[in-house]
Amino acid sequence: MDDIVFLAKNESEAIDRLKKVLKVSSDYGLEINFGKCQFLHRKIEFLSHIIENNKLYPSPSKTKTVVHYPEPKTTKEVQRFLGLTGYFRKFIPAYSVIAKPLSDLLRKDTPFNFDVKQKASFDELKRLLCQKPVLGIYRQNCETEIYTDASIDGLAAVLLQRSSDDNSLHPIYYMSRNTNPRFLITDRGTTFTSDEFHAYCSEQNISLHRITTGLPRANGQVERIKRTIISVLSKMSEDDPTKWFKHVSSLQEILNSTFQRSINTTPFELLFGTQINNKTDLRIQQLIDEQLQLEFNVKTENSYVKRQKRK
């Protein structure tokens with residue numbers, strides 16, 4: 001094992017925890033290289049981060065590497081630079097938006113052209129990391145706020161917590177990503193059926209899916225999922241119907257990770273391009289399956305009745 005850290009509020013607690021670690025190591029025959037150990041430190045470097053006084057900083061050795069990184073001459077060099085700065089993206093507001101001119105160079109069949117926009121992006125990422133950005137360490141039971149924003153170039157969010165030291169909100173984590181979708185679901189308006197829009201999607205390697213909205217006989221997926229959600233929430237909150245909202249997040253997570261035949265994937269993977277990591281609640285999954293089966297049976301029965309009436 002390597003890179004293990006255990007925390008403590010004070011020296012006494014640290015020593016108690018150290019004793020437990022040493023005892024477990026002794027009981028299971030684990031050998032400790034004390035030459036690489038540090039004890040009772042208020043400031044440590046861990047996984048290229050500096051941790052001190054409930055604050056988190058990028059390691060100076062890594063930021064120094066960023067500062068002296070030469071201007072990229074090839075796609076591989078751009079990729080290395082983005083890998084280096086991307087490791088600290090949580091320190092930089094709207095990192096993906098700033099880095100977009102560089103990340104666009106990594107697209108398939110895109111010619112390498114390090115021009116004015118790419119140079120500005122390169123210099124700005126360097127500048128931001130040279131300013132010694134700092135984040136707070138997340139603490140449970142502290143007042144927490146999340147702010148989000150989105151534009152044509154990307155979306156971003158920041159997690160803030162109120163500090164007991166100055167009663168002010170401080171950043172804990174910055175998140176951002178490009179708005180370069182792999183899939184688009186649109187209606188059949190003239191904007192989305194035009195040759196120009198189709199050509200744009202082809203150039204950007206975007207898979208386009210068109211649906212028909214506004215007609216009960218056309219799509220109806222939204223209406224169907226609403227019926228499922230309402231029915232399952234009702235069953236989940238049978239003990240206290242006024243607390244139905246407490247089950248929304250867990251139900252949403254299960255639904256977003258459930259395979260949908262209409263889109264041939266899960267909603268989460270369609271939106272983000274990757275599978276969701278979650279621990280499936282078997283009870284919720286069972287309720288969803290039962291409700292979907294019930295709706296299928298009702299639909300089948302109604303279709304049978306209609307066919308009999310025609311006869």
Side-chain angles (χ1 to χ4, degrees), residues 2-21 37-67 82-100 121 123-151 153-179 243 245-246 248-250 252-253 272 276-279:
D2 199 3
D3 294 329
I4 300 174
V5 175
F6 61 90
L7 311 177
K9 295 179 181 178
N10 49 54
E11 184 176 330
S12 176
E13 185 179 71
I15 292 175
D16 288 339
R17 292 185 173 182
L18 176 58
K19 289 179 179 178
K20 292 178 181 179
V21 171
C37 295
Q38 299 180 29
F39 302 104
L40 305 178
H41 280 240
R42 296 183 180 274
K43 176 182 178 181
I44 64 170
E45 182 168 352
F46 184 68
L47 299 179
S48 301
H49 292 79
I50 300 296
I51 305 171
E52 182 182 19
N53 296 326
N54 293 320
K55 298 290 191 300
L56 192 66
Y57 309 85
S59 169
S61 61
K62 292 296 183 181
T63 54
K64 185 178 179 180
T65 303
V66 172
V67 172
L82 290 177
L84 182 61
T85 57
Y87 186 71
F88 299 108
R89 63 190 300 153
K90 60 178 172 287
F91 290 93
I92 301 177
Y95 172 89
S96 293
V97 177
I98 298 171
K100 189 175 187 300
S121 172
D123 292 340
E124 181 66 3
L125 290 176
K126 278 190 171 186
R127 185 187 70 82
L128 290 171
L129 279 175
C130 288
Q131 290 182 337
K132 297 181 180 179
V134 58
L135 294 174
I137 295 177
Y138 180 81
R139 291 173 291 175
Q140 293 184 347
N141 303 321
C142 283
E143 181 183 341
T144 304
E145 295 185 11
I146 298 178
Y147 291 87
T148 62
D149 194 14
S151 69
D153 294 318
L155 52 89
V158 57
L159 177 69
L160 304 167
Q161 282 196 319
R162 192 172 300 280
S163 170
S164 57
D165 297 331
D166 57 7
N167 199 36
S168 299
L169 290 169
H170 294 276
I172 304 298
Y173 197 98
Y174 290 103
M175 186 284 295
S176 64
R177 63 175 295 157
N178 291 331
T179 48
K243 302 296 184 182
F245 55 88
K246 290 188 174 182
V248 171
S249 59
S250 55
Q252 181 184 26
E253 186 175 348
F272 294 103
I276 189 172
N277 292 321
N278 70 329
K279 295 181 180 179

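Every residue two or more places apart in sequence or in another chain was checked for a salt bridge (charged side-chain N to carboxylate O under 4.0 Å, His left out) with D149, and none qualifies. Judged as a side chain to side chain donor-acceptor pair (under 3.5 Å), and not counting sequence neighbours, Q252 has no contacts. Contacts of S121 classified as side chain to side chain donor-acceptor pair (under 3.5 Å), with partners at least two apart in sequence or in another chain: none. The salt bridge (charged side-chain N to carboxylate O under 4.0 Å, His left out) test applied to E13 returns R17, not counting sequence neighbours. S61 pairs by the side chain to side chain donor-acceptor pair (under 3.5 Å) definition with S59, not counting sequence neighbours. Residues that satisfy the side-chain contact (heavy atoms from CB on, under 4.5 Å) test with L128, not counting sequence neighbours, are I92, I98, E124, Q131. Listed by chain and residue number, nothing satisfies the salt bridge (charged side-chain N to carboxylate O under 4.0 Å, His left out) test with R139 (two or more places apart in sequence, or in another chain). Residues satisfying the ring-ring contact (aromatic ring centres under 6.0 Å, His included) criterion with Y95, sequence neighbours excluded, are absent altogether. Residues satisfying the side chain to side chain donor-acceptor pair (under 3.5 Å) criterion with D166, sequence neighbours excluded, are H170. With sequence neighbours excluded, no residue forms a salt bridge (charged side-chain N to carboxylate O under 4.0 Å, His left out) with E145. Taking F245 as the reference, K243 meet the side-chain contact (heavy atoms from CB on, under 4.5 Å) condition, with sequence neighbours excluded.
Among all heavy-atom pairs drawn from S96 and S176, the shortest one is N-OG, 2.8 Å. Pairing each heavy atom of Q161 with each of I137, the nearest pair is OE1-O, 4.0 Å. The minimum heavy-atom distance linking I44 with Q38 is given by the pair CG2-OE1, 4.5 Å. Minimum heavy-atom separation, P171 to V134: CG-O, 4.3 Å. Smallest separation of non-hydrogen atoms from V66 and K126: O-CE, 3.1 Å. P58 and T63 get closest at one heavy-atom pair: CB-CG2, 3.7 Å.
For the atom pair I172 CD1 and K90 NZ, the distance stands at 12.5 Å (nearest 0.5 Å). Once rounded to the nearest 0.5 Å, the distance linking OH of Y173 with CG of L135 reads 9.5 Å.
Using a 4.5 Å heavy-atom threshold, the side chains of Y174 and P133 count as separate. Looking at L129 and T85, their side chains come closer than 4.5 Å, going by heavy atoms from C-beta outward. Side-chain contact between Y87 and L47 is present, with heavy atoms from C-beta onward closer than 4.5 Å. T65 places a side-chain heavy atom less than 4.5 Å from the side chain of L84.
Side chain of T144 to main chain of C142: a donor-acceptor pair is present (N/O by atom type, distance under 3.5 Å, no hydrogens or angles).
Listed by first and then second residue, the salt bridge (charged side-chain N to carboxylate O under 4.0 Å, His left out) pairs involving residues 42-62 amount to none (not counting sequence neighbours).
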Working for side-chain contact (heavy atoms from CB on, under 4.5 Å), residues E11 and I15 = CA-CA 6 Å; E11 184 176 330; I15 292 175; 4.1 Å; yes

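Note: F91 and H49 have parallel aromatic rings, judged against thresholds of 30 and 60 degrees for the angle between ring planes.
Counting heavy atoms of neighbouring residues, nucleotides and ligands inside a 6.0 Å radius, atom OH of Y147 does not exceed 12 of them.
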